[in-house]
Amino acid sequence: MGSKDQDLAASSGGGGGFFSSIAAGVRSWGTAVHKSVNGLVGYEGLEVINPDGGTDDAEAEAMKGRWKQEDRDSYWKMMNKYIGSDVTSLVTLPVIIFEPMSMLQKMAELMEYCDLLDKADECEDPHMRMVYASTWALSAYLAYHRTWKPFNPILGETYEMVNHQGITFIAEQVSHHPPMGAAHCENDHFTYDITSKLKTKFLGNSVEVYPVGRTRVTLKKSGVVLELVPPLTKVNNLIFGRTWVDSFGEMVLTNLTTGDKAVLYFQPCGWFGAGRFEVDGYVYTAAEEPKIMMTGKWNKSMSYQPCDQEGDPLPGTELKEVWKAAPAPPNDKYQYTYFAHKINSFDTAPKKLLPSDSRLRPDRYALEKGDMSKSGAHKSRLEEQQRAEKKIRDTKGEQFTPKWFKMTEDISPTPWGDLEVYEYNGRYAEHRAAIDSSSVAAEEKDVSSIEFNPWQYGDLPSQ
């Protein structure tokens, strides 16, 4: 184990090295079992990827997805011309593949286990601090494991969340082309800031999702700043077969203050499901010496153990669990956790909810109630209104200006391209303080009756 881990330690800077060679080796013998559906006219060469490695007939396996045949046919006719393209904002997608949640809400799901950041802030050991913080970052993949697509936010859409671990969370869609969201979260222990811009590559029956973004966490007690580079995600069997999600590659969390790093490798799914969900890695000093080994599954739990310079467990120590996923509702239609349901609930909303909040989207609400037809109609109407607002803005020679964030001059390099960085402007805290001190807040009407309104102009057509 020693020589391997020395190579691992030497390559912990984020790209290439031991982890990349392992990834290449794993991919060379395959991810799950691929089956061509050549027997189906019009779909020759498309592959169905079974994560369980079953031996079912390819055509029978292909028909196990959520699509009806006529829906599958029309979707394929629309999408096959986009193979190899970034489809983030190229096409209008059918509601059948959506979950009743906006991407801004999905960003907020990273806060489910934010108590791990509280522990990181309280921790005196700088290396255990990285264990807690990197486990927090990893815990988000439990939400990303869901096979449904969240709604693309409307430009100016927001999401607010309170009543969870003492945090105040605000997110805003700051750009439509390219789609970009920014978020700020804070409690007594940490501040969290992210600018997110997804980039995709459509591959026919799958899509790769590249997380072009910058995530930074500041721990208040120590003052250290942490920066995250996540692995990519691939959604398999979009049209044929049972849709499933795999995340693989390196996740690197860097302490920008001290130079310490946590490097965790997400194993790709192999034959018959081998390695799926598995994560292994180390916390390193700034001198790239391993201090703590970490292991587990991103959908279940993570554990840690102190190690020597060879990466071997220290004598007299034992593997200890640092995080365990909370129980989930059984047979949930959208694979939601209890926290995901809270995300959609007004129980996590503050007083005087902004009318631009994702919870108020009529398409999201209709889908949550099971009315797919009404959801599709509302979605089309909102998209038409968004186009109408852009036309007005272009005519007036104006540009959209976010309310709660501002664009900086920083350009952040990522493994998947450069990113324009937005930062929190501080106005949301002032907004909430004014509401909390106002007597009007006590007279608030039923929040669910508020009409969704993210628009910059008030005279948009409603149809």
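All values reported here derive from a predicted model rather than from experimental measurement. Residues take their numbers from the sequence shown, with the count starting at 1.
A distance below 6.0 Å separates the ring centres of Trp67 and Tyr75. Taking the ring centroids of Phe169 and His164, they lie at or beyond the 6.0 Å cut-off. If you look at Trp323 and Tyr113, their ring centroids are closer than 6.0 Å.
The pair Lys197-Glu420 meets the salt-bridge criterion, since a charged nitrogen lies less than 4.0 angstrom from a carboxylate oxygen. Glu172 and Lys403 are not joined by a salt bridge, as no carboxylate oxygen comes within less than 4.0 angstrom of a charged side-chain nitrogen. In this structure, Arg129 does not pair ionically with Glu122, as no charged nitrogen and carboxylate oxygen lie closer than 4.0 Å. A salt bridge links Glu99 with Lys106: the closest approach of a Lys/Arg side-chain nitrogen to an acidic carboxylate oxygen falls below 4.0 angstrom. A salt bridge is absent between Glu288 and Lys261; no separation between the charged side-chain nitrogens and carboxylate oxygens falls under 4.0 Å. A salt bridge does not link Arg359 with Glu160: none of the charged nitrogens is closer than 4.0 Å to a carboxylate oxygen. Using a cutoff of 4.0 Å between basic side-chain nitrogens and carboxylate oxygens, Glu186 and Lys220 are scored as salt-bridged. Residues Glu208 and Lys201 are not paired through a salt bridge, judged by the lack of any N-O separation under 4.0 Å between the basic side chain and the carboxylate.
When only modelled atom types and interatomic distance are considered, Asp86 and Thr200 share a side-chain donor-acceptor pair under 3.5 Å. Using a 3.5 Å distance cut-off with no hydrogens or angles, the side chains of Asn299 and His145 do not pair a donor with an acceptor. Between His176 and Asn152, the side chains place no donor N or O within less than 3.5 Å of an acceptor N or O (distance only, hydrogens not considered). In this model, no donor atom of one side chain and acceptor atom of the other lie less than 3.5 Å apart for Glu227 and Thr215. For the residue pair Thr295/Asp280, the side-chain donor-acceptor check at 3.5 Å is satisfied. For Thr147 and Gln335, the side-chain atoms include at least one donor-acceptor pair closer than 3.5 Å. A donor atom on one side chain and an acceptor atom on the other are not found under 3.5 Å apart for Glu47 and Asn205. Neither side chain, Asp118 nor His189, offers a donor N or O lying under 3.5 Å from an acceptor on the other.
The main-chain N or O of Met372 is never found under 3.5 Å from a side-chain atom of Ser375 such that the two would form a donor-acceptor pair. Using modelled atom types, one side-chain atom of Lys379 and one backbone atom of Leu93 make a donor-acceptor pair closer than 3.5 Å.
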List the steps, then state whether side-chain contact (heavy atoms from CB on, under 4.5 Å) holds for Phe248 with Lys234.
CA-CA 8 Å; Phe248 50 88; Lys234 185 175 183 180; 4.0 Å; yes
Taking it one step at a time, do Ser134 and Leu264 satisfy side-chain contact (heavy atoms from CB on, under 4.5 Å)?
CA-CA 8 Å; Ser134 60; Leu264 302 179; 4.3 Å; yes
Determine, step by step, whether Lys221 and Glu124 satisfy the salt bridge (charged side-chain N to carboxylate O under 4.0 Å, His left out) criterion, reporting the C-alpha distance in whole Å, the side-chain angles of both residues, the deciding distance to 0.1 Å, and the verdict.
CA-CA 10 Å; Lys221 183 177 180 180; Glu124 298 294 338; 3.0 Å; yes
Test Arg361 against Glu157 for salt bridge (charged side-chain N to carboxylate O under 4.0 Å, His left out), laying out the working first.
CA-CA 9 Å; Arg361 287 184 61 143; Glu157 182 176 330; 2.8 Å; yes
Passes side-chain contact (heavy atoms from CB on, under 4.5 Å), Asp193 versus Glu423? Steps please.
CA-CA 7 Å; Asp193 292 279; Glu423 68 179 11; over 6 Å; no
Please assess Met302 against Lys324 for the test side-chain contact (heavy atoms from CB on, under 4.5 Å), listing each intermediate value before the final yes or no.
CA-CA 7 Å; Met302 283 297 290; Lys324 185 176 183 178; over 6 Å; no
Between Arg146 and Glu109, does a salt bridge (charged side-chain N to carboxylate O under 4.0 Å, His left out) hold up when you go through it step by step?
CA-CA 12 Å; Arg146 293 202 299 269; Glu109 277 199 81; 2.6 Å; yes
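When side chains are defined from C-beta on, Val245 does not count as touching Asn236, because their heavy atoms never get closer than 4.5 Å. Proximity of Arg276 to Gln267: side-chain heavy atoms (C-beta onward) are nowhere separated by under 4.5 Å.
Sparse packing is recorded around CG of Asp188, with 12 or fewer heavy atoms of other residues, nucleotides or ligands lying under 6.0 Å away. Around NZ of Lys199, the count of heavy atoms belonging to other residues, nucleotides or ligands within 6.0 Å does not exceed 12.
No option in Leu256, Thr191, Ile194, Thr195 other than Leu256 meets the side-chain contact (heavy atoms from CB on, under 4.5 Å) test with Arg216.
By the 30° and 60° cut-offs, the orientation of the rings of Tyr141 relative to Tyr144 is perpendicular.
Taken to the nearest 0.5 Å, the OG1 atom of Thr243 stands 9.0 Å off from the CD1 atom of Ile97. A distance of 9.5 Å separates CG in Leu104 from OG in Ser196, rounded to the nearest 0.5 Å.
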